[in-house]
Amino acid sequence: MAEQKLHVYNTLTREKELFEPLNPPFVGMYVCGPTVYGDAHLGHAKSYVSFDVVLRYLRYLGFNVRYVQNITDVGHLVGDGEEGEDKLAKKARLEQVDPMQVAEKYTYTYFRDMDALNVLRPDIAPRATGHIPEQIAMIKTLIKKGHAYNSDGNVYFDVSSDPDYGKLSGRNVEESESGTRVETASDKKDPKDFALWKKADGEHLMKWDSPWGVGYPGWHIECSVMSTKYLGESFDIHGGGLENQFPHHECEIAQSECAHDAQFVKYWMHNNMVTLEGQKMGKSLGNAINLEQFFTGKHDLLTRSWDPQVIRFFLLQSHYRSTTDFSEDALEAAETGLKNLHSMITSIEKAEPGNGETFDIEGFKVSFEEVMNDDFNSAQAIAVLFENLKEIRKQITANQAPSNLGELRIFLHTVIEEVLGIWPNGEGGPGNSELTSGLVELFIEIRKEARANKDFALSDKIRDDLKELGVQLMDGKDGTTFSID
RNA sequence: GGCGACAUGGCCGAGUGGCUAGGCAGAGGUCUGCAAAACCUCGUACGGCGGUUCGAAUCCGCCUGUCGCCUCCA
């Protein structure tokens, strides 16, 4: 579907809708961040790379985006039911450290891994523990308005008080009762009700004073509070993984709309899940390979390391609303593809403007925008890239470099570097030091003499041995060139 | 049990009521001392069975299969 204007698939309506921000050119965007009690894995990569491209493309279109992504450094219960243990507290107990130490550590590794994937940092990364008073205030409001009740130190949201409950996930709450394995907390009025504030027992490490006694905030309230604080009671985009659609996002809507009597979010966006060799992966299943393990190759299921850029490129080759199945074979194909893409970029960067046909930058731009406007179709955008870059390189190799090469390069930087974030890594690598290239040039000189003397044994040895070191020699009409991996 | 998604050529993976997605792998060719790279050419796919239609892989129904959510998870 070719689109002149940006269309976004809205989970709320199950349709692609024309994107019209509430207060253009400003756009408020909130994406559920990680719970920092473990290393980031492929699932995080898919979600945050997806929304990174959403963010980058919105900015490319000229929107002034404020991007908020929370860090959950408290709570969420481990195990079934409502009586489980706080995940951070559990991790802290196992590692014999303070929960905040755990949170700090994994916040650091999270951003480290996202940086490696070239994911832009959010404008604001609020911590749940830094917003306890705001959460208490919101719970108070909900109680005052009759949407929540205190049950001996546990405060629950009264789902029956919200006729809209269920509108995001499309589930009929009345009928979804039977068959669910939720252990019902005994002090709830209704099993569907969810916790806003939980009473802490004596051993609980992370707890705060509240009007209802010592406790800690419920699972969903932090996102309602922090998004509202930094983006307002109504904002444009809320994103997250599909698995959070219910109950997390449904509950966020209920809390926020009942507290503020305003539409919470205009566009809900959900990325699909990641599978590994066809199998679901998740923290609780134990088959999650950390991103760092991908980057270093240190995992039993991996045969080698994988460049973060390759992982990013691989993810962008499928749509964010499709599941992405990881396998090393698929990654390898992506790696070769990315390498080719980069080599095309490099040859365009090195070329001199020529007397060839003027390249149709406008046409390139229109095709790129058409596919991106169709709900951020990065997979098609990459196809557009290959088609156009191939054409340009063809002109260059035929010594017919486009005359508007300079303008073209600016456009390529915008699209490939700024929007998709898959530009070749910097020139500072070991392969590009003056010493290295000087040495390689020297070998090329020696080999040239050998070839002139028809000493192909020596010339092939030089070429083969350099190849072993990652230096590829290429004999062309105008002499020998080289590239370094 | 309830709800939902998906099934595309050797592999990954977009998309669409009639017109080549793209990438990877593969085959042949040009070039080359030989390679590599580059360039040229080549694959006519859409789970099964019905239906709608002038025409469907694309719409509808049924079936089969895979996966997800319903319980912390991106």
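Labels below follow one simple rule: chain letters A, B, ... track the order of the sequence lines, proteins then strands, and each chain is numbered from 1. Only a predicted model underlies this, so the values are computations on that prediction, with no experimental measurement involved.
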Colleague: Can you check whether any acceptor in the base of B:C24 is under 3.5 Å from a donor in the side chain of A:D329, or vice versa?
Modeller: no

Colleague: Rounded to whole angstrom units, what separation is found between the CG atom of A:L389 and the C1' atom of B:G23?
Modeller: 13 Å

Colleague: In the structure shown, which nucleotide is the Watson-Crick or G-U wobble counterpart of B:G4, with both distances under 3.5 Å?
Modeller: B:C67

Colleague: Look at the side-chain N and O atoms of A:R463 and state whether any lies under 4.0 Å from the OP1 or OP2 oxygen of B:A36.
Modeller: no

Colleague: Which one is paired to B:C42, where only Watson-Crick or G-U wobble pairs with both distances under 3.5 angstrom count?
Modeller: B:G26

Colleague: Could you tell me whether A:D162 and A:K192 make a salt bridge, using a distance below 4.0 angstrom between a side-chain N and a carboxylate O?
Modeller: no

Colleague: Between B:G33, B:A14, B:A21, spot the one nearest the side chain of A:S322, thanks.
Modeller: B:A14

Colleague: Of the nucleotides B:A38, B:C12, B:G22, which has the atom closest to the A:R393 side chain?
Modeller: B:A38

Colleague: Start at the 5' end of RNA chain B and walk down; is the nucleotide closest to A:Q317 or to A:N271 reached first?
Modeller: A:Q317

Colleague: Let's see if you can work this out: which of B:G23, B:G33, B:A14 has an atom nearest to the side-chain heavy atoms of A:F386?
Modeller: B:G23

Colleague: Could you check which nucleotide pairs with B:C62 in any of the strands shown, counting Watson-Crick or G-U wobble with both distances under 3.5 Å?
Modeller: B:G48

Colleague: Please name the nucleotide paired to B:U53 by Watson-Crick or G-U wobble geometry with both distances under 3.5 Å, or report none.
Modeller: none

Colleague: Just checking A:V274: base, sugar-phosphate only, or nothing, at a heavy-atom cut-off of under 4.0 Å?
Modeller: base

Colleague: Which value, in whole Å, describes the distance between the P atoms of nucleotides B:G68 and B:A27?
Modeller: 37 Å

Colleague: Provide the distance between the two P atoms, one in B:A56 and one in B:C46, to the nearest whole Å.
Modeller: 14 Å

Colleague: Any idea which of B:G15, B:G22, B:A74 is nearest the A:E387 side chain?
Modeller: B:G22

Colleague: Within the structure shown, what part of the strands sits under 4.0 Å from A:L473 by heavy-atom distance: base, sugar-phosphate, or nothing?
Modeller: base

Colleague: Please determine whether any donor N or O and acceptor N or O are separated by less than 3.5 Å between the side chain of A:N272 and the base of B:G68.
Modeller: no

Colleague: With both distances under 3.5 angstrom, what nucleotide forms a Watson-Crick or G-U wobble pair with B:A21?
Modeller: none

Colleague: From C-beta outward on A:R447, which listed nucleotide comes closest to its side chain: B:C34, B:A21, B:C69?
Modeller: B:C34

Colleague: Just how far, in rounded Å, is P of B:G68 from CG of A:L242?
Modeller: 12 Å

Colleague: Do the rings of A:F368 and A:F411 sit parallel, tilted or perpendicular, given the 30° and 60° boundaries?
Modeller: perpendicular

Colleague: Considering only the C1' atoms, how many Å lie between B:A21 and B:A14, rounded to the nearest integer?
Modeller: 6 Å

Colleague: Does the structure show A:Y48 stacking with B:A74, if we require the centres to be closer than 5.5 Å and the planes to be within less than 30 degrees of parallel?
Modeller: no

Colleague: Quick one: which of B:C34, B:G13, B:A38 gets closest to the side chain of A:N340?
Modeller: B:A38

Colleague: Any strand counts, and the cut-off is 3.5 Å on both contacts for Watson-Crick or G-U wobble. Which nucleotide pairs with B:U16?
Modeller: none

Colleague: Between the base of B:C6 and the side chain of A:R321, is there a donor-acceptor distance below 3.5 Å?
Modeller: no

Colleague: Counting only side-chain heavy atoms from C-beta out, which of B:A38, B:A14, B:A74 sits nearest to A:A379?
Modeller: B:A14

Colleague: Report which part of the nucleic acid A:G43 touches: base, sugar-phosphate, or nothing (heavy-atom distance under 4.0 Å, all strands).
Modeller: base

Colleague: Using the C1' atom as the reference point in each nucleotide, state the distance between B:U53 and B:U58 in Å, no decimals.
Modeller: 13 Å

Colleague: Measure the distance from CG on A:D113 to P on B:A74 and round it to the nearest whole Å.
Modeller: 14 Å

Colleague: Would you say the rings of A:Y267 and A:Y9 are close, in the sense that their centroids are separated by under 6.0 Å?
Modeller: no

Colleague: Measure from CZ on A:F326 to P on B:C12 and round the result to the nearest Å.
Modeller: 14 Å

Colleague: Rounded to whole angstrom, note down the C1' distance from B:G48 over to B:A57.
Modeller: 13 Å

Colleague: State which residue, out of A:D375, A:D374, A:N10, fulfils the side chain to side chain donor-acceptor pair (under 3.5 Å) condition with A:K16.
Modeller: A:D374

Colleague: Write down the distance separating the C1' atoms in B:C31 and B:G65, rounded off to the nearest Å.
Modeller: 50 Å

Colleague: Compare side-chain N and O positions of A:N377 against OP1 and OP2 of B:G15 and report whether any pair is under 4.0 Å apart.
Modeller: yes

Colleague: Is it the case that the ring center of A:Y67 lies less than 6.0 angstrom away from the ring center of A:F51?
Modeller: no

Colleague: Using the P atoms only, state how far B:U8 lies from B:C3, rounded to an integer number of Å.
Modeller: 26 Å

Colleague: Please measure how far the C1' atom in B:U64 lies from the corresponding atom in B:G47, and state the result in whole Å.
Modeller: 8 Å

Colleague: Does A:E332 or A:S318 map to a spot on RNA chain B nearer the 5' end, using the closest nucleotide for each?
Modeller: A:S318

Colleague: Considering only side-chain heavy atoms of A:D475, which listed nucleotide, B:C39, B:A74, B:G33, is closest?
Modeller: B:G33

Colleague: Taking CG from A:D460 and P from B:U32, how many angstroms apart are they, rounded to a whole number?
Modeller: 17 Å

Colleague: What's the closest nucleotide to the side chain of A:D325 if the choices are B:C69, B:A74, B:G13?
Modeller: B:G13

Colleague: Ion pair present between A:E292 and A:R112, side-chain N to carboxylate O less than 4.0 angstrom?
Modeller: yes

Colleague: Find the distance between CG (A:N244) and OG (A:S169) and round it off to the nearest 0.5 Å.
Modeller: 12.0 Å

Colleague: A:L389 and side-chain contact (heavy atoms from CB on, under 4.5 Å): which single residue from A:V384, A:N340, A:I416 fits?
Modeller: A:I416

Colleague: Does A:W219 put a side-chain nitrogen or oxygen below 4.0 Å from OP1 or OP2 of B:C73?
Modeller: yes

Colleague: Whole angstrom is fine here: how far is it from CD in A:Q380 over to C1' in B:U16?
Modeller: 10 Å

Colleague: How long is the span from the OG atom in A:S347 to the CD1 atom in A:I392, to the nearest 0.5 Å?
Modeller: 9.0 Å

Colleague: Rounded off to whole Å, could you give me the NZ-to-P distance for the A:K339 and B:G22 pair?
Modeller: 22 Å

Colleague: Does OP1 or OP2 of B:G23 have a side-chain N or O of A:K390 closer than 4.0 Å?
Modeller: yes

Colleague: Identify whether any heavy atom of A:K46 sits under 4.0 Å from a base atom; if not, whether one sits that close to sugar-phosphate; answer base, sugar-phosphate or nothing.
Modeller: nothing

Colleague: What's the closest nucleotide to the A:P247 side chain, out of B:C70, B:G23, B:G33?
Modeller: B:C70

Colleague: Atom CZ of A:F313 to atom C1' of B:C24: distance rounded to whole Å?
Modeller: 10 Å

